[in-house]
Amino acid sequence: MPSRLPRWPERILGPAPGLKEINLLCWGCLFGFVVLPICTVLISHTGAGRPAPDADFVNFYAMGRILNGYPVDRLYDNELQIRVREQIHPLETGWYGPLPQPPFVAILFRPLARMSYSAAHLLWLSITLALSLAGLVVASARLSHDPLRRSLVFCFALAFYPFTIETLINGQLSAIGFFALALALREEEQGRPLVSGLALSVCLYKPTLLVLFLPMLFVTRRFKTLLGFATGAVALICFTTALEGPRVWPAYLDMLLSFGRASAGVRTRSFLPLAKYVDLAAFSSLLPGGRSWPGLTFLSLFTVWAALSLLRLWWKSAGAAKPASTLMWAATVTWTLVLNVYVPIYDSILVVLSIVSRVGLLNEIPDEPLRRGLNVLWPLIFACSWITVDVARATGLQVFTVLLAALGMLQFAAWPRLARLSSSQATGPSQG
């Protein structure tokens with residue numbers, strides 16, 4: 001981030017603001033337009049006799065309550081799930097769908113389910129904020145030590161719609177994946193692959209987040225990281241089985257298969273609110289003509305091209321120096337949100353990790369057009385996050401998917417240049 005704004009009209013507006021002034025403006029807007037309205041809404045719903053706001057948190061709270069009061073094999077009983085949620089928080093509009101979270105998520109929420117719903121919601125909001133801030137601290141550590149620059153990163157990340165509204169207020173779980181992936185990338189850079197794999201295994205709370213990371217670890221021959229991941233996965237399975245018994249797993253697998261068939265919308269239209277999803281499958285289902293033969297053909301060709309390009313990047317990244325390796329991880333994060341079948345908008349907070357990694361590497365990318373393109377794209381992603389759901393509902397076009405794919409393609413273009421630069425820097429001294 002530059003210390004002063006480029007091309008500032010100094011004759012008209014006076015001297016360009018520095019980082020202190022920019023920080024004051026950005027944090028003031030965050031508190032005035034985001035924090036205060038949110039606090040007002042939360043306070044208005046707090047207190048005896050006041051209805052709690054609609055939030056996805058009721059789903060996880062209900063899973064904890066089911067485990068607290070019913071046999072474990074009824075955890076994925078759809079009728080029971082709906083009845084318990086209606087008892088906790090009756091919906092004025094809409095309906096409750098099935099819950100695809102694994103059983104260890106329900107175990108996590110058992111203590112919270114012993115509290116009142118409002119108190120548990122506020123506690124989970126605090127936990128989500130703490131996990132997000134911890135993830136930002138870890139992810140931004142590779143930036144400069146200038147506190148003003150890191151402060152701006154925090155400000156924009158906290159004002160990101162998928163975090164502020166869809167994750168924090170909605171009570172979703174994405175902050176867990178955000179912190180886990182930030183930690184996994186940091187441990188990878190620090191040369192601790194086993195710990196990196198252990199951190200990555202936390203993302204099993206939503207297996208679709210791993211749809212590209214596990215193949216990436218194989219192709220780049222990060223076998224120690226895979227070992228760490230396998231250790232974490234086995235630990236989660238053994239812990240859940242020891243606590244709840246083996247009967248929980250058949251019910252979970254049956255539910256997962258039926259949920260996958262219904263949500264994919266291959267034979268029938270998906271039951272999901274597609275305007276709130278950013279993956280390519282939802283993009284094509286929502287877009288007018290996206291499920292026609294021309295639409296599916298274009299989608300298939302683009303998917304094959306992107307997958308092959310990512311595979312090629314992985315293959316060439318095996319043994320690459322740290323800057324190029326970091327960009328490879330960032331590209332994998334970006335394309336995980338696009339080349340997928342189930343990515344709600346709240347999970348797109350992971351793109352913050354990709355953008356922060358890009359900011360940390362920006363000065364090392366020698367191609368000026370690429371740098372300008374990346375500098376233009378991240379403000380667009382931030383701004384469009386606040387309107388993309390409404391635009392998708394009105395037009396059928398999920399703009400956020402297009403911007404994420406554009407970011408991924410720019411990362412493809414930047415990687416060879418960064419890899420060559422890293423290679424020349426590594427071999428330079430020995431040639432002298």
Side-chain angles (χ1 to χ4, degrees), residues 156 160 162 181 185 208-209 211-213 215-216 219-220 277-284 286-287 290 294-318 320 323-341 343 345 347-385 388 391-392 397-422:
F156 279 100
F160 193 43
L181 279 174
L185 179 54
T208 50
L209 295 180
V211 69
L212 295 182
F213 278 100
M216 179 270 287
V219 174
T220 58
Y277 288 74
V278 301
D279 55 89
L280 270 183
F283 177 84
S284 65
L286 187 66
L287 188 70
L296 288 175
T297 300
F298 176 78
L299 173 70
S300 300
L301 290 174
F302 178 80
T303 302
V304 170
W305 171 83
L308 290 177
S309 299
L310 193 58
L311 185 65
R312 180 171 176 267
L313 185 151
W314 290 343
W315 183 260
K316 292 193 171 185
S317 293
S325 177
T326 299
L327 186 59
M328 182 272 295
W329 275 77
T332 305
V333 170
T334 303
W335 286 105
T336 293
L337 302 175
V338 179
L339 301 179
N340 217 316
V341 294
V343 183
I345 192 168
D347 283 337
S348 66
I349 67 169
L350 299 181
V351 78
V352 172
L353 297 176
S354 186
I355 291 172
V356 170
S357 297
R358 189 274 309 166
V359 170
L361 298 172
L362 195 60
N363 291 332
E364 302 188 47
I365 299 176
D367 195 307
E368 187 63 29
L370 273 177
R371 295 172 63 182
R372 283 200 302 267
L374 290 166
N375 273 330
V376 167
L377 197 54
W378 77 259
L380 275 177
I381 290 174
F382 170 80
C384 286
S385 71
T388 188
V391 171
L397 174 65
Q398 181 53 269
V399 180
F400 213 62
T401 306
V402 177
L403 292 176
L404 290 174
L407 176 62
M409 288 187 282
L410 279 174
Q411 288 169 330
F412 282 158
W415 189 87
R417 294 161 175 79
L418 190 60
R420 285 196 296 270
L421 181 65
S422 301

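Heads up: numbering here begins at 1 and tracks the sequence. Worth saying up front: this structure is predicted, and the values here are computed from it rather than measured.
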#### Entry: The single option from Thr303, Val341, Asn340, Val343 passing side chain to side chain contact (heavy atoms under 4.5 Å, CB included) against Leu280
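With Leu280 as partner, Thr303, Val341, Asn340, Val343 yield a single side chain to side chain contact (heavy atoms under 4.5 Å, CB included), made by Thr303.
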### Query
Name the one of Asp347, Ile349, Thr388, Val352 that satisfies side chain to side chain contact (heavy atoms under 4.5 Å, CB included) with Pro162?
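Among the candidates, only Ile349 passes.
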### Task
Hey, can you tell me if Phe302 and Trp335 have their rings parallel, tilted or perpendicular (30° and 60° cut-offs)?
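The rings of Phe302 and Trp335 sit tilted, inter-plane angle from 30° to 60°.
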### Task
Would you please classify the geometry between the Phe156 ring and the Trp378 ring as parallel, tilted or perpendicular, with 30° and 60° separating the classes?
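Ring orientation, 0 to 90° scale: perpendicular.
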Could you tell me the separation between the [atom1] atom of [X] and the [atom2] atom of [Y], rounded to the nearest 0.5 Å?
X      : Y      : atom1 : atom2 : result
Met328 : Met216 : CE    : CE    : 4.5 Å
Leu403 : Ser348 : CG    : OG    : 11.0 Å
Leu380 : Leu407 : CG    : CG    : 11.0 Å
Gln398 : Cys384 : CD    : SG    : 10.0 Å
Ser317 : Leu310 : OG    : CG    : 9.0 Å
Ile345 : Asp279 : CD1   : CG    : 11.5 Å

Find out whether [X] and [Y] are in side-chain contact, i.e. whether some heavy atom of one side chain is under 4.5 Å from a heavy atom of the other.
X      : Y      : answer
Phe213 : Trp329 : yes
Leu209 : Leu350 : yes
Phe382 : Ile355 : no

### Query
Taking only residues two or more places apart in sequence, or in another chain, which ones meet Val219 in a side-chain contact (heavy atoms from CB on, under 4.5 Å)?
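side-chain contact (heavy atoms from CB on, under 4.5 Å) check on Val219 returns Leu311, Trp314, Trp315.
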### Task
Check the pair Val391 / Phe400 against side-chain contact (heavy atoms from CB on, under 4.5 Å), numbers first and verdict last.
CA-CA 10 Å; Val391 171; Phe400 213 62; over 6 Å; no
For [X] and [Y], work out which heavy atoms get closest and say how close.
X      : Y      : answer
Ala406 : Leu377 : C-CD2, 3.7 Å
Ala306 : Phe412 : O-CZ, 3.8 Å
Ala392 : Leu286 : CB-CD2, 3.7 Å
Gln411 : Thr334 : OE1-OG1, 3.0 Å
Pro215 : Leu212 : CD-O, 3.3 Å
Ala324 : Trp415 : O-NE1, 2.9 Å

### Query
So, Thr401 side chain and Val278 main chain: donor-acceptor pair closer than 3.5 Å or not?
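Looks like yes, one N/O pair under 3.5 Å.
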